[in-house]
Peer 1: 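I'd like to ask some things about the structure below.
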Amino acid sequence: MKKILGILGGMGPMASTEFLKTIYECNLANLEQESPICILYSDPTICDRTSAIINNSSKLLIKSLIDKFEALEQIGVNKVVIPCITAHHFLPKLPLEMQNKVVSLIDIIVEEVLNTRKKYLLLCT
């Protein structure tokens, strides 16, 4: 059985769709059926992450992330990516079993930067 990647998106709905598009552009297979299986759960109604951090009001946001994560798990995803970098701030507040399924974009970015000798500029909110 092929693994299924869940994408917990909507926090920047166009960014989430662009992320999914990039996955397929970077994983072109000879046969369409060999491409990765991805499930995009895009919900732009998730609370503003920056406001939740500034106002120290993360309960509703964390509950929403957990609910969406559980929905992806019910579909059978093996790993989850959250394209919103700001949402990564809340990952330590998710249950440990969920944290272990998340592919951290921050870890990937840091690893890529450290593996090269180039200078980078990272912009975020």
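Residue numbers run from 1 in the order of the sequence given.
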Peer 1: Among I46, D43, V81, V102, which residue meets the side chain to side chain contact (heavy atoms under 4.5 Å, CB included) test with L8?
Peer 2: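 Of the listed options, the one satisfying the test is I46.
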Peer 1: Quick check: closest heavy atoms across G10 and S16, and the distance to 0.1 Å?
Peer 2: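 Heavy atoms of G10 and S16 come nearest at N-OG, 2.9 Å.
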Peer 1: With no hydrogens and no angle check, is any side-chain donor or acceptor of K2 less than 3.5 Å from a backbone partner on E34?
Peer 2: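 Answer holds: yes.
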Peer 1: Between K21 and E25, does at least one N-O distance fall below 4.0 Å, as a salt bridge requires?
Peer 2: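 Between E25 and K21 there is a salt bridge, with a charged N closer than 4.0 Å to a carboxylate O.
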Peer 1: I'd like to know whether K79 forms a side-chain contact (heavy atoms from CB on, under 4.5 Å) with K3, so could you lay out the CA-CA distance, the side-chain angles of the two residues, the decisive distance to 0.1 Å, and finally the verdict.
Peer 2: CA-CA 8 Å; K79 291 285 185 181; K3 293 188 178 195; over 6 Å; no
Peer 1: Heavy-atom count check: over 12 atoms from other residues, nucleotides or ligands less than 6.0 Å from N30 CG?
Peer 2: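 12 or below, so no.
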Peer 1: Might you confirm whether atom CG of N56 has over 12 heavy atoms from other residues, nucleotides or ligands at distances under 6.0 Å?
Peer 2: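 No - once you tally the heavy atoms of other residues, nucleotides and ligands closer than 6.0 Å, there are 12 at most.
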Peer 1: In Å, rounded to the nearest 0.5 Å, how long is the span from NZ of K101 to CD of Q99?
Peer 2: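 Between K101 NZ and Q99 CD, I get 13.0 Å after rounding to 0.5 Å.
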Peer 1: Does a side-chain heavy-atom distance below 4.5 Å link N27 with S35?
Peer 2: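 Heavy-atom side-chain distance check fails, nothing below 4.5 Å.
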Peer 1: Return yes if some donor-acceptor pair links the side-chain N/O of S51 with the main-chain N/O of D48 below 3.5 Å, else return no.
Peer 2: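 Side chain of S51 to backbone of D48: no pair is present.
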Peer 1: Rounded to the nearest 0.5 Å, how far apart are CZ of F69 and CD of E97?
Peer 2: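 It is 8.5 Å, given to the nearest 0.5 Å.
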Peer 1: Is it true that M14 and L40 fall in one hydrophobic cluster, defined by side-chain heavy atoms closer than 4.5 Å?
Peer 2: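 Unlinked, M14 and L40 end up in two clusters.
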Peer 1: Check whether Y24 reaches the backbone of P36 with its side chain - one donor and one acceptor, N or O, closer than 3.5 Å.
Peer 2: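 Yes; judged by distance alone, with no hydrogens or angles, the pair exists.
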Peer 1: Which heavy-atom pair separates C38 from L20 by the least distance, and what is that distance?
Peer 2: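 Smallest interatomic distance, heavy atoms only, reads CB-CD1, 3.6 Å.
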Peer 1: With rounding to the nearest 0.5 Å, note down the distance linking CZ in F90 to SG in C47.
Peer 2: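 F90 atom CZ to C47 atom SG measures 9.0 Å (nearest 0.5 Å).
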Peer 1: Does any N or O in the side chain of S42 come within less than 3.5 Å of the main-chain N or O of G9, such that one atom is a donor and the other an acceptor?
Peer 2: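 Looks like no, no N/O pair under 3.5 Å.
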Peer 1: Are L65 and L60 connected, step by step, through hydrophobic side chains (Ile, Leu, Val, Met, Phe, Trp, Tyr) whose heavy atoms are closer than 4.5 Å?
Peer 2: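 Different clusters.
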Peer 1: If you compare all heavy atoms of S58 against all heavy atoms of K93, which two are closest, and at what distance to 0.1 Å?
Peer 2: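 Closest pair (atom of S58, atom of K93, distance): OG-NZ, 3.7 Å.
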Peer 1: If you apply the rule side-chain contact (heavy atoms from CB on, under 4.5 Å), what do you find for L105 with F19, and how did you get there?
Peer 2: CA-CA 11 Å; L105 295 181; F19 183 83; 4.2 Å; yes
Peer 1: Hey, quick one: are L96 and M98 part of the same hydrophobic cluster, counting side-chain heavy atoms closer than 4.5 Å, chains of contacts allowed?
Peer 2: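 Different clusters.
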Peer 1: Quick one, L94 and I66 - any side-chain contact, counting heavy atoms below 4.5 Å?
Peer 2: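 Yes. Closest side-chain heavy atoms under 4.5 Å.
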Peer 1: Using the rule that Ile, Leu, Val, Met, Phe, Trp and Tyr join whenever any side-chain heavy atoms are under 4.5 Å apart, tell me whether L114 and I108 fall into a single cluster.
Peer 2: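 Yes, L114 and I108 fall within the same hydrophobic cluster.
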Peer 1: How many angstroms lie between CD1 in I85 and OG in S104, if you round to the nearest 0.5 Å?
Peer 2: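 Between atom CD1 of I85 and atom OG of S104 there are 7.5 Å.
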Peer 1: Please assess I39 against I4 for the test side-chain contact (heavy atoms from CB on, under 4.5 Å), listing each intermediate value before the final yes or no.
Peer 2: CA-CA 7 Å; I39 305 293; I4 302 172; 3.7 Å; yes
Peer 1: Atom CG in L72, atom CG in N78: separation rounded to 0.5 Å?
Peer 2: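 Interatomic distance, L72 CG to N78 CG, rounded to 0.5 Å: 11.5 Å.
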Peer 1: Do you reckon V103 sits in the same ILVMFWY cluster as V113, going by side-chain contacts under 4.5 Å, direct or chained?
Peer 2: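 Both belong to a single hydrophobic cluster.
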Peer 1: Using every non-hydrogen atom in the two residues, find where G12 and R49 come nearest and quote the distance to one decimal.
Peer 2: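 For G12 versus R49, the nearest heavy atoms are N-NH2, 4.3 Å.
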Peer 1: How long is the span from the CD1 atom in I82 to the CG atom in L91, to the nearest 0.5 Å?
Peer 2: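 If we round to the nearest 0.5 Å, I82:CD1 and L91:CG are 5.0 Å apart.
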Peer 1: Test I7 against I23 for side-chain contact (heavy atoms from CB on, under 4.5 Å), laying out the working first.
Peer 2: CA-CA 11 Å; I7 302 167; I23 288 173; 3.8 Å; yes
